[in-house]
Amino acid sequence: MKKLILICTIVIALFSIKSDLFAQSVSAKEQCAKMGRGINIIGYDDALWKDYTTGRFKENYFKMIKEAGFSTIRINLFAFSGMDSITYKLNPKWLETLDWAVKKGLEAKLMVILDMHEYNAMADDPIAKKEMFLSVWRQLAPRYKDQPNDVVFELLNEPNQKLSVELWNQYLVDAIKLVRETNPNRTLIIGPGNWNGIESLPTLVLPEEDKNIIVTVHFYHPMPFTHQGAYWAKDFKDLSGIKWTGTKEEKADVETKLKVAADWSKTNDRPIFLGEFGAYDKGDMESRARYTACVVSTAEKFGFSWAYWQFDSDFIAYNIEKESWVMPILNALMDRKQ
């Protein structure tokens, strides 16, 4: 009898440990609210990923971003460029930079999103790149498994083209399963196919039992305005002089489109993170600031967290050459008077 009681006690204890292990320590909704206002950083700083002491992005910027009013940084990871093409092992120097960015971000009291940003490579040949994609998380997930809840994993930025919505729904299940082996309580960010487009939210299929997922969408509408003069956008690269004046109709258009995400969020009980938005530098500053302020206020009205695209490189919020914020953009992001 005593032996039976002992066995029962051990079984109960083991079950309790397992339950604690997989219990969600913080909800996705709480995490999304805490993320609040964010900004994308260091994706295109090639020198930094080889040696973080030589990059454009300086250590003091983490604290500066926090002091400017941001709560979150979204680190854009071009992990394939830091990976051996045969073994798929991530380069130690690349990982050293990422360790530094995570550490300094947390020290600045910022939430840190690790955003797997290899969307072009995955779109071009998703079948051939699937193992590379999973290998990134096979290395990053255990490396950061002991980090606090303030570190969030975004599985893949903007799945598109050959990485169809059907294929993406398969890949994300594999990636979630892999990450959950070492990070059962980690908040994940996952978006729909077709460039994380709001209109594609109904195609996104997530594991019903996994509630610790924030859903991300991106917003650059209307593209003729936000991407005028952008050299990589063939339909818009020759456009110029397009303004966004903040008319009733323009504001209503922004609200109507973002409301689609808000309605989907409510129906599916999944919080929304607006992971990218902004207007390219070729547009006039007054229009860009006016548009940015409208997107921010509308997103926050719907309860979305967000991250502006981006700190440096293009769409810039900070001018590294002048070591100063682009004040019209920063003011628009922080809901301050221009």
Output all residues satisfying side-chain hydrogen bond (donor to acceptor under 3.5 Å, both in side chains) with [X], sequence neighbours left out; order by chain, then residue number.
X	result
Lys177	none
Arg290	none
Glu276	Arg74, Tyr220

Does this structure show an ion pair linking [X] with [Y], if we count only N-O contacts that are shorter than 4.0 Å?
X	Y	value
Asp124	Lys162	no
Asp150	Lys109	no
Glu107	Lys103	yes
Asp269	Lys211	no
Glu199	Lys257	no

Would you call the rings of Trp244 and Phe225 parallel, tilted or perpendicular, taking 30° and 60° as the class edges?
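Judged by the thresholds at 30° and 60°, the geometry between Trp244 and Phe225 is tilted.
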Keeping [X] on the side-chain end and [Y] on the backbone end, is there a donor-acceptor pair under 3.5 Å?
X	Y	result
Thr203	Ser200	yes
Gln139	Leu90	yes
Asn319	Val326	no
Asn183	Ala141	yes

For atom NZ of Lys130, decide whether the heavy atoms of other residues, nucleotides or ligands shown that lie under 6.0 angstrom number more than 12.
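Counting other residues, nucleotides and ligands, NZ of Lys130 exceeds 12 neighbours.
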Given the rule that I, L, V, M, F, W and Y join up when any side-chain heavy atoms are under 4.5 Å apart, are Tyr144 and Leu178 in one cluster?
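Tyr144 and Leu178: one cluster.
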side-chain hydrogen bond (donor to acceptor under 3.5 Å, both in side chains) evaluation trace for Thr54 with Asp51:
CA-CA 6 Å; Thr54 64; Asp51 180 354; 4.6 Å; no
Are the aromatic rings of Phe277 and Trp309 close, with centres under 6.0 Å apart?
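Ring centres of Trp309 and Phe277 not closer than 6.0 Å.
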Is the distance between the ring centroids of His227 and Phe315 under 6.0 Å?
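Aromatic pair counts; centres sit under 6.0 Å.
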Decide yes or no on ring pair (Phe, Tyr, Trp, His ring centres under 6.0 Å) for Phe57 and Phe311, but give the supporting numbers first.
CA-CA 9 Å; Phe57 193 95; Phe311 180 80; 5.3 Å; yes
Does Arg56 have any side chain to side chain contact (heavy atoms under 4.5 Å, CB included) partners at least two apart in sequence or in another chain, and if so, which?
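Expected list: Asp45, Asp312, Ile320, Glu321.
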Partner of Gln170 by side chain to side chain contact (heavy atoms under 4.5 Å, CB included), out of Leu167, Leu172, Val173
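The residue from Leu167, Leu172, Val173 that satisfies side chain to side chain contact (heavy atoms under 4.5 Å, CB included) with Gln170 turns out to be Leu167.
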Derivation and outcome, side-chain hydrogen bond (donor to acceptor under 3.5 Å, both in side chains), residues Thr216 and Asn196
CA-CA 7 Å; Thr216 187; Asn196 291 153; 5.0 Å; no
Mark yes or no: Arg186 above the aromatic ring of Phe153, with NZ or CZ under 6.0 Å from the six-membered ring centre and no more than 45 degrees from the axis.
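That pair qualifies as a cation-pi contact.
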Residue pairs passing the ring pair (Phe, Tyr, Trp, His ring centres under 6.0 Å) test where at least one lies in residues 163-210, sequence neighbours excluded:
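Sorted result for residues 163-210: empty, none.
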Which pairs pass ring pair (Phe, Tyr, Trp, His ring centres under 6.0 Å) with one or both residues in residues 29-51, sequence neighbours excluded?
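Applying ring pair (Phe, Tyr, Trp, His ring centres under 6.0 Å) to every pair that reaches into residues 29-51, excluding sequence neighbours, yields Tyr44-Phe78, Trp49-Trp94.
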Starting from the C-alpha separation in whole Å, work towards a yes-or-no answer on side-chain hydrogen bond (donor to acceptor under 3.5 Å, both in side chains) for Glu30 and Ser27.
CA-CA 5 Å; Glu30 290 171 321; Ser27 75; 3.2 Å; yes
Report the residue from Glu323, Lys104, Lys66 that forms a side chain to side chain donor-acceptor pair (under 3.5 Å) with Tyr61.
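With Tyr61 as partner, side chain to side chain donor-acceptor pair (under 3.5 Å) holds for just one option, Glu323.
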Determine, stepwise, if the pair Thr256 / Asp253 fulfils side-chain hydrogen bond (donor to acceptor under 3.5 Å, both in side chains).
CA-CA 5 Å; Thr256 297; Asp253 193 38; 5.6 Å; no
